[in-house]
Number of protein chains: 2
Amino acid sequence: MVDPLADERLDRAFLALADPVRRRIVARLSRGPATVNELAAPFDISKQAVSKHIQVLEHAGLVTRSRDAQRRPVHLDAATLEALTAWIDRYRLIHEQSFRALDAVLAAQAGTATNQQDDTRTQQTEQEAGS
Amino acid sequence: MVDPLADERLDRAFLALADPVRRRIVARLSRGPATVNELAAPFDISKQAVSKHIQVLEHAGLVTRSRDAQRRPVHLDAATLEALTAWIDRYRLIHEQSFRALDAVLAAQAGTATNQQDDTRTQQTEQEAGS
DNA sequence: CTATTGATCAACCGATCGGTTGATTACAAC
DNA sequence: GTTGTAATCAACCGATCGGTTGATCAATAG
């Protein structure tokens, strides 16, 4: 459905979200388009800095811009967000799967009843018996 | 369910994934734990550099480490991955929702179609956009 | 004990990032 | 035209990032 993003594009998209200002901008845009001035209002930084943040988001494919007189409204591009979740979920699910397989192996070896291989989506915390 | 990660933790987690080497490490770990040497093997960079990458992933909460003699196996922590998809999906779904609302308004006004591709995924959770 | 293996620590370097200020473009209103 | 507003461009700065090399720590093997 959504193209798996090329490596460099994933770089830029994840990097774009690795900043609280840009995440807040994305959060704001999820409720509809906004101009740079509107987006800059909640922040204590300069409008130029916000403009740069928007450029980072745009270069990452997370937002697009249109034109309305001298304003340049910014729109969220949800397709890229979806591609990011697709990447993450891919490996998250592989991990879950192999974890369940390991559970089965351990259960078969020991026979003791510490296995829960039912459809509980256990994302259990690894604990170290590292002594 | 999964704790919404604090802002600083989200910073680190997204930043950790904004690097192709670290994403390949995550991909490898999704199939099971591995030592630093094993993880470093596919790359042309030094083992120290890979060790740093792993520290970045660990500090981001994406991996944990145990101990086995002089080896320090690295394990994926899928919970943090899940928290990232949770953050993304939250705003992706809000966006979808407001887009549909806009569609309805425009349809009522003029009957003209918008240029949004119809991604049918009916979700109706009303949420507010925090950070 | 010494030697070897696995991994980290420490210092350093060039590139990029997030921010600033000042100048400039683009458009609208008068 | 001139003024005003929205936004970007350009140069600069300190901090962080990704990489290197060399030394060191931790644990096993001989």
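In what follows, every chain begins at residue 1, and chains take the letters A, B, ... in the order their sequences are listed.
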Starting at atom [atom1] of [X], determine the distance to atom [atom2] of [N], rounded to an integer number of angstrom.
X: A:D68; N: D:dA7; atom1: CG; atom2: C1'; answer: 13 Å
X: B:I25; N: C:dA7; atom1: CD1; atom2: P; answer: 13 Å
X: A:K47; N: C:dT25; atom1: NZ; atom2: C1'; answer: 12 Å
X: B:D11; N: D:dC17; atom1: CG; atom2: P; answer: 11 Å
X: B:Q70; N: D:dA27; atom1: CD; atom2: P; answer: 9 Å

Does [N] have OP1 or OP2 under 4.0 Å away from a side-chain N or O of [X]?
X: A:S46; N: C:dT20; value: yes
X: A:N37; N: D:dA7; value: yes
X: B:R72; N: D:dA27; value: no

To the nearest 0.5 Å, tell me how far [X] [atom1] sits from [Y] [atom2].
X: A:L62; Y: A:R23; atom1: CG; atom2: CZ; result: 12.5 Å
X: A:R72; Y: A:R67; atom1: CZ; atom2: CZ; result: 3.5 Å
X: A:R12; Y: A:H59; atom1: CZ; atom2: NE2; result: 4.0 Å

Check: Considering only heavy atoms, which members of residues 13-20 of chain B lie under 4.0 Å from some atom of DNA chain C?
Finding: none
Note to self: Please give me every residue in residues 49-65 of chain A whose heavy atoms get under 4.0 Å of an atom in DNA chain C, ordered by residue number.
What the structure shows: A:A49, A:K52, A:H53
Indicate the atoms forming the closest heavy-atom contact of [X] with [Y], along with that distance.
X: B:V63; Y: B:I54; value: CG2-O, 4.0 Å
X: A:G61; Y: A:T80; value: O-OG1, 2.6 Å
X: B:I25; Y: B:F43; value: CG1-CE1, 4.1 Å
X: A:R92; Y: B:A78; value: CD-O, 3.9 Å
X: B:L76; Y: B:V26; value: CD1-CG1, 3.9 Å
X: B:R65; Y: B:V74; value: CG-CG2, 4.2 Å

Notebook entry, point to check: Where the side chain of B:V36 is defined as all heavy atoms beyond and including C-beta, which of D:dA6, C:dG18, C:dA7 is the nearest nucleotide?
Noted result: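 Of the candidates, C:dA7 comes closest.
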Check: How do A:R67 and A:Q48 order along DNA chain C: which one's closest nucleotide is nearer the 5' end?
Finding: A:Q48
